[in-house]
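Order of appearance sets the numbers: ligands from 1, and atoms from 1 within every ligand.
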Amino acid sequence: MKVRRSERLIDMTRYLLERPHTLVSLTYFAERYESAKSSISEDLTILKKVFQSRGTGILETIPGAAGGARFIPYILKEEAQAFIDEMADKVADKSRVLPGGYVYLSDILGQPDILRQVGRVIATQYLNQKIDAVMTVATKGIPIAQSVATYLNVPFVIVRNDSKITEGSTVSVNYVSGSSERIKKMELSKRSLTEGANVLIVDDFMKGGGTINGMKTLIEEFDANLVGITVFAEAAFTGNRLIDDYTSLLRVTNVNDNDKAIKVVPGNYLEKVFGAEA
Ligand SMILES: O=P(O)(O)OC[C@H]1C[C@H](OP(=O)(O)OP(=O)(O)O)[C@H](O)[C@@H]1O
């Protein structure tokens with residue numbers, strides 16, 4: 001039985017939002033709603049306009065027999081800026097200061113609504129780039145990687161600091177933990193990445209950059225390509241930071257575990273993604 005437009009629009013919206021970066025054919029929708037392709041095209045035009053005006057994302061419409069629609073989630077600069085400012089206020093709490101210049105983030109990055117926004121913000125930075133996998137290191141980076149991977153609709157791979165029989169054969173690299181000057185090892189299952197894969201690195205926190213640098217080395221070992229590095233927060237680091245080309249949502253500019261002082265400002269995300277006037 002033919003489905004009314006109001007019902008089609010609601011169901012199409014859900015269907016497309018659950019399948020970001022995926023081309024859904026006109027034929028599929030026409031059969032799903034037992035409606036003419038011309039009606040579906042009109043539906044998609046309505047969705048395209050509303051998604052754009054409400055800042056939901058881009059609805060690419062591809063014409064022709066093999067045509068269809070592809071939903072690309074993004075976040076508008078104003079919404080991203082408001083979220084980053086809100087996170088800066090949340091993190092700038094002296095009770096979060098940890099020894100060694102680290103900051104306690106697990107409560108913030110354990111909240112689904114915050115993780116959803118973090119994923120949307122980071123995915124927006126890479127929406128026009130070919131990403132085959134999102135990489136992070138266990139443990140605290142995992143929820144961020146899962147959220148970004150959901151918005152980009154690609155797998156995420158987890159680098160580990162310990163060997164597990166359940167990971168099968170692995171590639172391992174030694175790296176200098178930038179903060180502690182200690183040699184550490186990280187490894188990734190050989191099944192995780194294929195040669196030439198385009199990889200995005202994400203993590204919750206960067207201080208000396210040694211962890212990120214270790215993941216960069218792993219990507220080289222797989223003959224894969226590093227597309228970008230984005231972290232939720234970076235700490236001011238006076239040493240020789242091992243990473244120079246990265247993006248951060250927040251920057252912890254002043255943290256002192258003696259007097260528990262902490263100052264948090266927006267990182268370089270807004271400028272890198274939306275331009276200098278951000
Ligand atoms: O830039 P660096 O000086 O290398 O530090 C950044 C590391 C340290 C910390 O992880 P840990 O707390 O060591 O590990 P886990 O995420 O498993 O808690 C954080 O999640 C980053 O991965």
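Side-chain contact annotation: E234 with S248, donor-acceptor N/O pair under 3.5 Å present. Donor-acceptor pairing under 3.5 Å is lacking for the side chains of D203 and Y246. A donor atom on one side chain and an acceptor atom on the other are not found under 3.5 Å apart for K190 and T170. D11 and Y33 are linked by a side-chain donor-acceptor pair at a separation below 3.5 angstrom, with hydrogens and angles left out of the test.
Using bins of under 30°, 30° to 60° and over 60° for the plane-to-plane angle, the ring pair F51/F71 lands in the perpendicular bin.
If you number the atoms of ligand 1 from 1 as listed, the ones under 4.0 Å from a heavy atom of Y102 come out as 3 (O), 5 (O), 8 (C). Residue-ligand proximity, T211 to ligand 1, at heavy-atom distances under 4.0 Å covers atoms 2 (P), 4 (O), 5 (O), 6 (C), 7 (C), 22 (O). Below 4.0 Å from some heavy atom of V137 lie the following atoms of ligand 1, by number and element: 22 (O). Heavy-atom contacts of M206 reach the following atoms of ligand 1: 1 (O) (cutoff under 4.0 Å).
Within the 4.0 Å heavy-atom criterion, neither part of I212 lies near ligand 1. Contacts of D203 with ligand 1, taken as heavy-atom pairs under 4.0 Å, involve the side chain alone.
The salt bridge (Lys or Arg N to Asp or Glu O under 4.0 Å) pairs that include a residue from residues 215-231 number zero, where partners must be two or more places apart or lie in different chains.
At least one N or O atom of T139 sits closer than 3.5 Å to an N or O atom of ligand 1. The shortest N or O to N or O distance between G208 and ligand 1 is under 3.5 Å. Considering backbone and side-chain N/O atoms, G209 comes within less than 3.5 Å of an N/O atom of ligand 1.
With Y102 as the aromatic partner, K207 meets the cation-pi criteria of under 6.0 angstrom to the ring centre and within 45 degrees of the ring axis.
Ligand 1 has at least one atom lying under 4.0 Å from a heavy atom of A138.
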